[in-house]
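Each ligand, and each atom within it, is numbered from 1 in the order the structure gives.
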Amino acid sequence: MFTMKEQFNKDGYIIIKNFFSKEEINKIYTEARSLFALQIERVLGKKVDINDRDTFEQAMFDLFEADFTTFVNTGKQAQHLISLHHLGTDPKIINVLKDLGYEFPMIGVRPAMQFNSRYLSKGGSHWKLGAHQDWRTGQGSLDSIVMWFPMVDCGADLGALQIVPASHTIGLLKADTSGYLGSIQEAIPEEDYVQTQFEVGDLLVFSAFLVHRSGENITKNIRWSIQLRYNNMAEPTFKERGFPMPYIYKPEENLVTPDFPKKEQLEEVFA
Ligand SMILES: O=C(O)CCC(=O)C(=O)O
């Protein structure tokens, strides 16, 4: 019987069933949908029931078509949900990192939420990521860890992640350099991929060197998922490299809404 760490070191990943309660995941999922519902109401002029899955998701597609900028901005705002960030610092998660050998766990980059569907894509393929290793974007400690979990039950049909077991020790593979979309150029045999499968609450933990890719969401539904990333600040090569932080986070140079706000609007807010 392997310990969690032995299993992880051997395979480069572990899946922990029922790691989160369904309620804690549903809280984030509800907030994310509620956020989109606010803009669906403003842009499309209709209230949608976020729990009526197909109708709500059709309204997401309609918002995407009707006002792409608002859709993208809402998607970006969803990355900042307090519930999402709260989960990312949950002691349960820190304990997993410690169990896997982290001496000094730290957040590698802000938590990420994805809503993958071909209907939320402008003809491109960015709704689906090709084979890659996350380390190429994070460039953190050699023991960098990624946590991936869906907010809906998710198997092959909804495009759950496909991973290549034990690929975390084959080195950093050549990839084109277009950030998140950068795909590994070396051929990986199809039969090496393992299709993962989740119920809400299950957690996939993997090495940032593990080769993985999006599955194929063949349904009309959105695959809602979350990714959390961590570094071990005590890992010697990360320390030695001076803790590089390759993610760029910066403000817009110009006012997004020109001539806003008017003095009277501020007076009203603070009346
Ligand atoms: O969720 C996906 O489809 C891809 C996510 C992924 O591979 C990543 O974030 O590194």
Side-chain angles (χ1 to χ4, degrees), residues 8 11-15 20 25 28-29 32 57 60 75-76 78-79 84-85 87-88 93 107-121 124-165 167-168 170 172-173 175-186 188 192-200 202-231 246-249:
F8 182 86
D11 297 337
Y13 76 97
I14 40 169
I15 293 180
F20 301 111
I25 300 304
I28 305 173
Y29 180 38
E57 293 190 348
M60 289 275 289
K76 287 183 180 167
Q79 311 300 315
L84 170 63
H85 287 245
L87 190 83
I93 288 188
I107 293 167
V109 67
R110 281 173 293 163
M113 179 186 295
Q114 291 192 11
F115 8 89
N116 294 65
S117 162
R118 68 186 73 227
Y119 306 104
L120 299 176
S121 164
S125 57
H126 59 270
W127 60 279
K128 210 172 90 166
L129 295 186
H132 64 282
Q133 293 165 304
D134 279 21
W135 197 87
R136 190 170 279 282
T137 35
Q139 301 181 47
S141 59
L142 289 179
D143 52 1
S144 294
I145 277 176
V146 185
M147 298 191 179
W148 189 101
F149 52 95
M151 292 188 280
V152 289
D153 290 345
C154 180
D157 284 0
L158 210 54
L161 228 56
Q162 298 174 353
I163 56 179
V164 179
S167 54
H168 62 310
I170 60 181
L172 185 63
L173 300 179
D176 49 51
T177 51
S178 51
Y180 266 127
L181 305 182
S183 269
I184 289 173
Q185 289 157 349
E186 299 169 37
I188 295 168
D192 288 2
Y193 287 95
V194 166
Q195 175 68 60
T196 58
Q197 175 159 329
F198 302 80
E199 283 170 324
V200 173
D202 299 346
L203 171 69
L204 167 66
V205 182
F206 62 98
S207 155
F209 285 95
L210 193 81
V211 176
H212 62 285
R213 66 183 181 190
S214 308
E216 175 91 9
N217 181 357
I218 58 167
T219 73
K220 269 213 81 170
N221 286 116
I222 297 173
R223 195 203 59 189
W224 297 79
S225 70
I226 290 174
Q227 298 88 45
L228 307 172
R229 296 182 170 84
Y230 301 91
N231 280 318
Y247 286 90
I248 300 159
Y249 181 45

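- Considering only residues two or more places apart in sequence or on other chains, Q227 meets the side chain to side chain donor-acceptor pair (under 3.5 Å) condition with Q114, S225.
- With a 4.0 Å cut-off on non-hydrogen atoms, V146 does not touch ligand 1 at all.
- The residue from H212, R229, H132, Q114 that puts a heavy atom closest to atom 9 (O) of ligand 1 is R229.
- Counting the atoms of ligand 1 from 1 in the order shown, those under 4.0 Å from a heavy atom of R223 are 1 (O), 2 (C), 3 (O).
- Contact atoms of ligand 1 toward S214: 2 (C), 3 (O), 4 (C) (distance under 4.0 Å to a heavy atom of the residue).
- Note on residues 142-161: no pairs pass salt bridge (Lys or Arg N to Asp or Glu O under 4.0 Å), not counting sequence neighbours.
- Contact check for F209 versus I170: no side-chain heavy atoms found under the 4.5 Å cut-off.
- Near D134, meaning under 4.0 Å from one of its heavy atoms, ligand 1 places the atoms 8 (C), 10 (O).
- Two residues are said to be in side-chain contact when any heavy atoms from C-beta on lie closer than 4.5 Å; Q133 and H168 fail this criterion.
- With values rounded to the nearest 0.5 angstrom, R229 atom CZ is found 5.0 Å from Y247 atom OH.
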